[in-house]
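Step one of this worksheet: look at the structure below.
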Amino acid sequence: MAQYAPTLNPPNTLIPKLPIPNPSFSSISTFRTPKPKSKNFSTISMSVTAGQNQQQHQKPPSLDVLINGARKEEVLGAIKNSSSHCLSETNLHLTVPGLKSKTRGKVRDVYDSGDYLVMVTTDRQSAFDRILASIPFKGQVLNETSLWWFDKTQHITSNAVVSAPDENVTIAKKCSVFPVEFVVRGFLTGSTDTSLWTVYNNGVRNYCGNALPDGLAKSQKLPANILTPTTKAADHDVPVTPDEIVERGLMTQAEYDEVSRKALSLFEYGQRVALEHGLILVDTKYEFGKGQDGSILLIDEVHTPDSSRYWIARTYEERFKNGLEPENVDKEFLRLWFKDHCNPYEDEVLPDAPEELVRELSWRYIFLYETITKSEFKLPSTEEPIHDRISRNVARALSSLT
């Protein structure tokens, strides 16, 4: 593998030693999930209580077994063959009757069909409020991962999903979107200028209304999960306190209270599910809106590798105690590569992401989907151009909704 290609084991980078309280997961209980459909991803059943990790039923398979089998070779081959067929842009308003307009987000292209929104998840990869690359199959992974979580979290909150006519598409109810992203964090980590670790390391001890104790180390579990909301300003996110959200009229107090409860409940549930599958859900973001009937709905995406950070659970505690970075299954390595090779915030033109990194990230997204859902990711056929397929499926779905 070329020099840029990482593995799930990050370099043995030492973290500055600080006093380390017990990094246990005492608030996360055992969560039962169905048996896996794929033999390549055995169930990891874990119970973490009273500050002590205990594994039930069987010893978890080694990470090498999970990531270095025939399945990985099959997926990497498909990724290589699809590198030139990424869905970087869509123009359904030109190919599907009834679509009135297009809004281009960082990753999603959103179309107005009158009564509904058609959301197409592309393969664009964003970070630092920039588009860094296009990642094969990423759009399908994000869309199908979100749909899985939307279905599993209906006991916590209603969502805006109407149907999913294509691997990359979700049709949703129109909502009045709250101009606030609800970022929930369980650990002290991150690499960007606005990450929790960066601001904490710079001496900040009150962040978005959360009082943080002294003496915490990077990658340490926080005393409790916290909300760090952000608002949009120009092209970047700005941290904001709950009081400021209400004072600025972004949400009423009642709306904020309801959404914050739901966000924390979603995150706690996501942590339980992830841990049962051998992963730690480190942090994530949620977006909410109001439906036409006034109900608050979960929108956008849920617990995807784009909106969330995941670590490997079985090696976290030992690596943390030894001052090492956790094994991660997210896009952090790509963000770090760009930070090392340019100024992603200020440089007008960014370097091309190395092909090895692009393929590795695509594999990690698929690995995470299969690990979480316990189902095999369906590799799409390349015989039909993806834009043609999406156009056909969306047109058929909209005709059935009218």
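For the single chain, residues carry numbers from 1 onward in sequence order.
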Does the ring center of His303 lie less than 6.0 Å from the ring center of Tyr310? no
Indicate yes or no for a side-chain donor-acceptor contact from Ser113 to the backbone of Tyr116 under 3.5 Å, with no hydrogens or angles considered. yes
By side-chain contact (heavy atoms from CB on, under 4.5 Å), which residues pair with Glu167, not counting sequence neighbours? Gln140, Glu144, Arg389
Does any pair with a residue in residues 337-346 pass salt bridge (charged side-chain N to carboxylate O under 4.0 Å, His left out), and if so which ones, sequence neighbours excluded? none
If you take the centroid of each ring, where Trp contributes its six-membered ring, are Trp311 and Phe187 closer together than 6.0 Å? yes
Hey, do the aromatic rings of Phe288 and Phe178 have their centres closer than 6.0 Å? no
Any idea which heavy atoms bring Trp363 and Ile79 closest together, and the distance? N-CD1, 3.6 Å
Among Asp257, Val246, Val259, whose side chain to side chain contact (heavy atoms under 4.5 Å, CB included) with Met251 holds? Val259
Asp388 atom CG, neighbour heavy-atom count above 12 within 6.0 Å: yes
With Asp306, which of Arg335, Lys106, Lys138 fulfils salt bridge (Lys or Arg N to Asp or Glu O under 4.0 Å)? Lys138
Please confirm whether the ring centroid of Tyr256 lies under 6.0 Å from the ring centroid of Phe182. yes
By side-chain hydrogen bond (donor to acceptor under 3.5 Å, both in side chains), Thr122 pairs with (sequence neighbours left out) none
